[in-house]
Amino acid sequence: MLEEHVVLKAPRYVNENILIYTTLALVFLPALFYGGESLMAFSVAVSLSLLIPFNIISYPHNWIDAPKHSRRNFLLALSPYLFFFAFTCFRLTLPIFENVNPQDNSVYVINTENLKNIFACAYSDGPTAISSAIALLVVAAAGLSIYFITQSRFILRNMLSLCGFSVALLAIIAFVFDFLAYLGGPSLQYIFGENSFATFQNSQYWSYFAMIWSGALFASGIYTFQRFRPYKFFLSLRTGFIVLGLLLGISALYTASSFFRIFVCLQLAICFLVYAYNVLPTEKFLKKHTNIESRKNKRETTQLMRTLPFLVYFAFLALSFFGAIKAYGYYVENSKLPASQTLILNEKLIQKDTKSLIKVRPYFGWGLNSFESVIALEQGDDLPLIPRKSPRSDYLKVIFENGYLGIFILALTPAVFLLRLIYNRKISASGVIMLTTLLSIFFAFFYSTPFMSNSVAMSFSVLLFSLFRWE
């Protein structure tokens with residue numbers, strides 16, 4: 001815990017307040033509408049995002065110590081996404097599929113001339129393609145505004161904790177309704193669907209969403225004072241963060257796929273490892289905590305009291321690691337079932353078709369909102385003839401729709417900030433938790449579809465740029 005917490009009790013200027021509550025609204029409100037996947041969620045996110053440029057523009061006027069050229073640097077960091085949006089709009093003027101029955105949008109033919117153009121786009125619904133580009137721009141702007149408006153870890157902690165508390169509240173409500181449904185009472189599944197959890201139609205998207213905010217709460221908790229006397233330890237702010245972070249971790253386990261449960265358990269183990277390391281019962285590690293404790297209470301803490309937090313964290317570390325081993329064993333057994341084998345085979349076949357189509361247009365891909373239409377033309381008798389929104393891999397879908405140059409444009413800004421983080425060659429305890437949480441979700445990007453949920457994408461961006469600013 002830094003001295004900043006002692007001298008800084010509130011946001012220093014109006015822009016930090018706007019940042020905190022705009023971020024909270026962008027994370028929480030769209031998630032209420034079918035996990036960010038509905039038109040209402042999109043409209044809410046776009047409306048709230050209009051506050052971001054206002055906040056960036058007014059920031060240097062409201063804070064005398066604002067970094068020079070903050071507005072210019074924000075625009076520069078956002079420029080790849082602005083270019084991508086403009087480029088997407090341009091590509092929509094070169095359709096590969098042309099509608100020959102405008103009355104019911106049911107008959108399309110291939111424009112052979114545009115098919116040869118590397119900039120052409122195989123979309124079937126122009127407004128949806130534009131909406132995807134706008135959503136990406138909003139996600140990027142929300143994350144970048146965090147980096148450029150505050151330099152305070154205290155503000156970042158408050159922002160992340162408020163978002164995490166709101167998500168934990170959703171989890172509590174969802175668990176209550178699931179329990180009532182088990183007893184034969186009301187159920188949220190009547191509203192959001194059979195495979196839903198909380199307000200998310202797809203429970204697996206909740207597992208990614210919950211894991212991000214579990215990591216955010218654990219990262220915020222390690223930035224608070226450690227109490228050692230038993231009653232103070234269990235009633236401390238740090239313990240509150242841990243309880244809510246653990247609650248979200250449990251909800252992620254409850255809703256995750258059998259494979260992703262391994263990563264949830266491992267991430268919880270890493271969190272408790274960081275906490276245990278932070279309070280190792282040695283003079284070096286306990287000095288900073290016991291000095292604070294002794295200033296607040298004249299009675300000296302005993303050696304047993306100093307060891308208690310370490311023992312508790314180590315117990316949860318062991319339990320989480322054991323859970324990861326059990327989750328791996330369950331995944332191996334589950335993957336041997338005939339139904340799982342069929343699903344794996346179908347995914348391999350669809351990914352094979354996807355890779356073959358990527359080779360046809362490797363530079364800029366087939367365009368946003370093109371996968372479902374294009375892959376339908378490639379499907380043979382070896383696969384069930386059903387609509388497919390993705391190849392069960394966000395990585396393949398991004399390359400399919402945007403090409404290798406497109407993914408380079410999208411990854412340019414985060415890559416620059418990541419290189420800066422690596423160049424610093426140091427990272428805090430909170431940074432370790434945030435980084436490992438982000439890496440777990442990023443790994444899922446290659447074998448699953450976490451970023452098809454706008455709420456997951458927004459949460460990932462918020463935590464990512466909070467990490468960059470924290471360090």
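Every heavy atom of this structure was used, including side-chain atoms; hydrogens, water molecules and symmetry mates were not. This one's a predicted model, so the numbers in the text were calculated from it and none came from an experiment.
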Q | Gln201 and Ser196: side chain donor to acceptor below 3.5 Å | A | no

(Q) Within the 3.5 Å criterion, strictly below it, is a donor on Gln267 or Thr437 matched to an acceptor on the partner's side chain? (A) yes

Q. Does OH in Tyr423 sit with more than 12 non-hydrogen atoms of other residues, nucleotides or ligands closer than 6.0 Å?
A. no

Q. Using a distance-only test with no angle check, is there a side-chain donor-acceptor pair under 3.5 angstrom linking Asn15 and Ser58?
A. yes

Q | Phe465 and Phe468 aromatic centres sub-6.0 Å | A | yes

Q | Passing candidate, ring-ring contact (aromatic ring centres under 6.0 Å, His included) with Tyr34, options Phe192, Phe42, Phe197 | A | Phe192

(Q) Just so I know, are the side chains of Val27 and Ser455 near enough to count as touching, which here means a heavy-atom distance under 4.5 Å? (A) no

**Q.** Pairing residues for Phe200 by the ring-ring contact (aromatic ring centres under 6.0 Å, His included) criterion, not counting sequence neighbours
**A.** Trp206, Phe209

Q: Give every residue pair that meets the ring-ring contact (aromatic ring centres under 6.0 Å, His included) criterion with at least one member in residues 322-347, sequence neighbours excluded.
A: Phe259-Tyr331

Q) Under 6.0 Å between the ring centres of Phe445 and Phe442? A) yes

Q | Flag for Gln351-Ser393: side-chain donor and acceptor within less than 3.5 Å | A | no

Q) With a 4.5 Å limit on heavy-atom distance, are the side chains of Tyr363 and Tyr404 in contact? A) no

Q. Run the ring pair (Phe, Tyr, Trp, His ring centres under 6.0 Å) check on Phe272 and Phe218 step by step: do they pass?
A. CA-CA 9 Å; Phe272 285 113; Phe218 275 108; 5.4 Å; yes

Q: Check the side chains of Arg153 and Asn158 for a donor-acceptor pair under 3.5 angstrom, ignoring hydrogens and angles.
A: no

Q: Return the set of residues passing salt bridge (Lys or Arg N to Asp or Glu O under 4.0 Å) with Arg392 (not counting sequence neighbours), or none when no residue passes.
A: Glu347

Q. Taking the six-membered ring where the residue is Trp, are the ring centres of Phe260 and Tyr447 under 6.0 Å apart?
A. no

Q: Report yes or no: does Arg91 contribute a side-chain atom to a donor-acceptor pair with the main-chain N or O of Ala120 at less than 3.5 Å?
A: yes

Q | Cation-pi check, Arg469 onto Tyr147 ring (under 6.0 Å, within 45° of axis) | A | yes

**Q.** Centroid-centroid distance, Phe165 to Phe241, less than 6.0 Å
**A.** yes

Q: Give a yes-or-no answer on whether the side chains of Ser440 and Tyr208 include a donor-acceptor pair shorter than 3.5 Å.
A: no

Q) For Asn278 and Tyr313, does a side-chain donor sit closer than 3.5 Å to a side-chain acceptor? A) no

Q) Taking atom CZ of Phe33 as the centre, does the number of heavy atoms from other residues, nucleotides or ligands within less than 6.0 Å exceed 12? A) yes

